[in-house]
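Counting starts at 1 for both ligands and their atoms, in listed order. Quick note: residue numbers are just sequence positions, from 1.
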Amino acid sequence: MARTDPHSYFDPDQPRTAALKIAWNVDFESRRVSGRVTLILAGPSQGPMDLDTRDLTIRSVTAGGEPVPHELGEPDAVLGRRLRLHLPPGTRNVALEYETSPDATALQWLGPEQTAGKVHPFMFSQCQPHHARALAPLQDSPGARVPYQAEVTVPEDLTAVMSAGSSGVQPGPGPRSRTFLFDMPQPIPTYLIALAVGNLASRDLSPRTRIWAEPETVEKAAWEFAGIEDMIVTAEALFGPYEWDRYDMLVLPPAFPYGGMENPRLTFLTPTLLAGDRSLVNVVVHELSHSWTGNLVTNATVNDFWLNEGFTVWAERRVLEALHGPERAAMSWAIGKVGLDDAFSRFGPSSPFTRLKTDLWGVDPDSMYSEVPYEKGARFVALMEQTAGRESWDRFVRAYIARFRFTSITSEQFLAFLDEAMPGLSAKVGAQEWIYSEGMPANCPVFRSAALESLKALSAGWSSGQRPSEGVRANWSPDETLIYLQGLPRPLPGTDCAWLDQTFGLTGRGNYEILVEWLTIAASSGYEPAFARLGEVLSHVGRMKYLRPLYKALGATPKTRALARDIYAVARPSYHPLSRMVAEEAMASYAAG
Ligand code: BES
Ligand code: ZN
């Protein structure tokens, strides 16, 4: 009996699931998914088998039609409830009938007013890191990989999409319903099971890529992400063949709490990426890169999350560099550094949460989400690349992916393979310190570019009256404008805010990175002309990356704190549970008053 995952009751010594068969009915009225999950076991099995659940109502558990004895444990705030099955000898399949709770942490149910079309409801799942158990009873650990097949019944005017291949659609069992069929033949970690249902349209972008979105946004999305095939071809040249057949994308309504989620064959994306100038496609490149680092080679548990995200941020910047040149990649590294510095000041430089390998037993992984595994992890990978030399590092990365494809590994397995394939590199870069120690090692790579240095100098000169001339700023890319804004002091006097807004047209920006950076300046400066736009963003957009700094910046004065509380009171019912947590955390940090 050895649990190995701090966030799952999965026990590798117990019977294993070899495949999942899912039959779901999605009911928008009760906001429940009900149905049956059949666990196909790896071989004839018997004895205890522990599953993860959260807020599920279990109706029955059977094997070959006979009831299987089972009991639900006490609820745990982080883990949910253990469901222990007692399998009779020779059990090959277990069928569980159940339904989800309307408050399932894996799901968000949107009313029509939260969609672009305003007519139909919408629902989507977000299972990473440990929420698949709120959608289905299963061994919910990345170490327990499974292929799955699903039949999903939804109202006939809506479309269901999943992180799987489509095997068709048929009339549903009841009136005015349709059943969509799916097949994911490759074994995936359960956090990559994904479902969305809504009024969806699609456009083909290449023979193997398609964009899904509400009809109102699909054209804009198709234009924004038209470059996807080039990105895939570039990534394949770097990391090896794309192994998942199709690469489709789904643009969700703005309540989606993340920027992107790498659900296999169907990346989920926030509509805040639709800037109108393709300036935010790096998020797509990031999610695409997870097709190798994360989805093929997966972290064994959240303690090794840097293997997913650090490698992927590094991979993302290599693809960007290949497509757009080293300057664009350098900008990405610079923007990432700002996030990393923020995370370090949030935790303190000697916090255990600044380690790459974390120890999250008893810790809710959602509450520990930060830039550390992303940006510190990516810098560690970049250091290994620089030290080994690009050519041999790239060869290593392809060998690493080929060696561990379709498996879930620990940092220690990575290190062992590194020693085997690249003897001496680990000691040369100080891999032990990078992975196991707090803070940033002294040999952290620094990314320089002339353009970057002059932008930083320019924002640093703000207080002494320096301003970019029209000729200079006319040539700035969106990334450059963002870096400039990030470097500005705050709070700023109203006249300075007015100058910025007028000069850069900030309040009307379609690029949310720039818009939100501006709104944090405006919020912390109490600049009222921007408050209407601020209220609009906070009440429609659920992306945590934006909610956190905006609610924080509103802590500036008693007046802005009151504004934050008023906005939140109205917006709360429409927020994802995770978005609520982020907003409440930010407001809890306001000084009393
Ligand atoms: N896999 C993550 C999102 C995630 C992480 C969801 C942990 C739940 C738990 C995804 O790949 C991601 O990192 N998205 C980023 C964008 C990226 C460019 C850094 C985001 O959502 O902002
Ligand atoms: Zn990621």
Side-chain angles (χ1 to χ4, degrees), residues 7 105-106 108 124-132 134 140 142 163 188-194 231 249-252 254-264 266-273 279-299 301-320 329 331-333 335-340 342-343 358 360 363-378 381 479 482 512-513 516 541-549 576-579 581-582:
H7 303 113
T105 54
Q108 189 172 8
F124 62 84
S125 68
Q126 168 57 46
C127 288
Q128 196 183 18
H130 64 329
H131 299 293
D140 190 15
S163 55
I188 57 163
T190 44
Y191 73 76
L192 291 177
I193 295 172
M231 298 172 198
M249 295 169 281
L250 169 68
V251 175
L252 292 136
F256 184 55
Y258 288 95
M261 177 64 214
E262 66 270 25
N263 297 315
L266 185 67
T267 282
F268 282 21
L269 298 168
T270 167
T272 60
L273 302 179
S279 54
L280 299 176
V281 295
N282 72 294
V283 176
V284 174
V285 174
H286 177 94
E287 307 313 335
L288 169 67
S289 300
H290 272 306
S291 305
W292 290 267
T293 49
N295 297 3
L296 273 186
V297 183
T298 307
N299 54 211
T301 77
V302 179
N303 284 342
D304 303 291
F305 188 53
W306 79 272
L307 285 177
N308 275 23
E309 297 300 343
F311 261 95
T312 299
V313 168
W314 169 83
E316 167 200 337
R317 290 180 188 153
R318 284 296 304 276
V319 174
L320 279 181
M331 293 286 166
S332 271
W333 284 104
I335 293 168
K337 179 72 164 55
V338 176
L340 182 61
D342 280 357
T358 51
L360 297 181
V363 179
D364 180 349
D366 283 327
S367 71
M368 266 11 283
Y369 183 83
S370 87
E371 306 284 334
V372 171
Y374 289 79
E375 295 293 342
K376 182 178 175 183
V381 178
D479 276 356
L482 178 63
Y512 263 77
E513 294 292 325
V516 169
V541 176
R543 189 174 177 188
M544 295 183 284
K545 180 182 180 189
Y546 297 149
L547 295 185
R548 189 176 287 118
H576 191 281
L578 289 171
S579 310
M581 186 178 80
V582 160

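For Tyr258, the ring-ring contact (aromatic ring centres under 6.0 Å, His included) partners at least two apart in sequence or on another chain are Tyr369. Remark: Asn308 pairs with Tyr191, Asn299 by the side chain to side chain donor-acceptor pair (under 3.5 Å) rule, at least two apart or across chains. Every residue two or more places apart in sequence or in another chain that forms a ring-ring contact (aromatic ring centres under 6.0 Å, His included) with Phe256 is listed here: Phe124.
Using a 3.5 Å distance cut-off with no hydrogens or angles, the side chains of Thr312 and Thr293 do pair a donor with an acceptor.
The nearest N/O/S atom of His286 to the Zn ion (ligand 2) is NE2. Distances from the Zn ion (ligand 2) to each N, O or S atom of Glu309 single out OE1 as the nearest.
The shortest distance between side-chain heavy atoms of Leu192 and Gln128 does not fall below 4.5 Å.
Side chain of Thr270 to main chain of Thr272: a donor-acceptor pair is present (N/O by atom type, distance under 3.5 Å, no hydrogens or angles). Checking side-chain atoms of Asn295 against main-chain N and O of Glu262 turns up a donor-acceptor pair under 3.5 Å.
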Could you list, one pair per line, each nitrogen or oxygen of ligand 1 together with any protein nitrogen or oxygen closer than 3.5 Å, giving atom names and the distance rounded to 0.1 Å?
| residue | atom | partner | partner atom | Å |
| --- | --- | --- | --- | --- |
| ligand 1 | 1 (N) | Gln128 | OE1 | 2.8 |
| ligand 1 | 1 (N) | Glu262 | OE1 | 2.6 |
| ligand 1 | 1 (N) | Glu262 | OE2 | 3.2 |
| ligand 1 | 1 (N) | Glu309 | OE2 | 3.0 |
| ligand 1 | 11 (O) | Glu262 | OE1 | 3.0 |
| ligand 1 | 11 (O) | His286 | NE2 | 3.2 |
| ligand 1 | 11 (O) | Glu287 | OE1 | 2.7 |
| ligand 1 | 11 (O) | Glu287 | OE2 | 3.3 |
| ligand 1 | 11 (O) | His290 | NE2 | 2.9 |
| ligand 1 | 13 (O) | His286 | NE2 | 3.3 |
| ligand 1 | 13 (O) | Glu309 | OE1 | 3.4 |
| ligand 1 | 13 (O) | Tyr374 | OH | 2.7 |
| ligand 1 | 14 (N) | Gly260 | O | 3.2 |
| ligand 1 | 14 (N) | Glu287 | OE2 | 3.2 |
| ligand 1 | 21 (O) | Gly259 | N | 2.6 |
| ligand 1 | 21 (O) | Gly260 | N | 3.2 |
| ligand 1 | 22 (O) | Arg543 | NH2 | 3.3 |

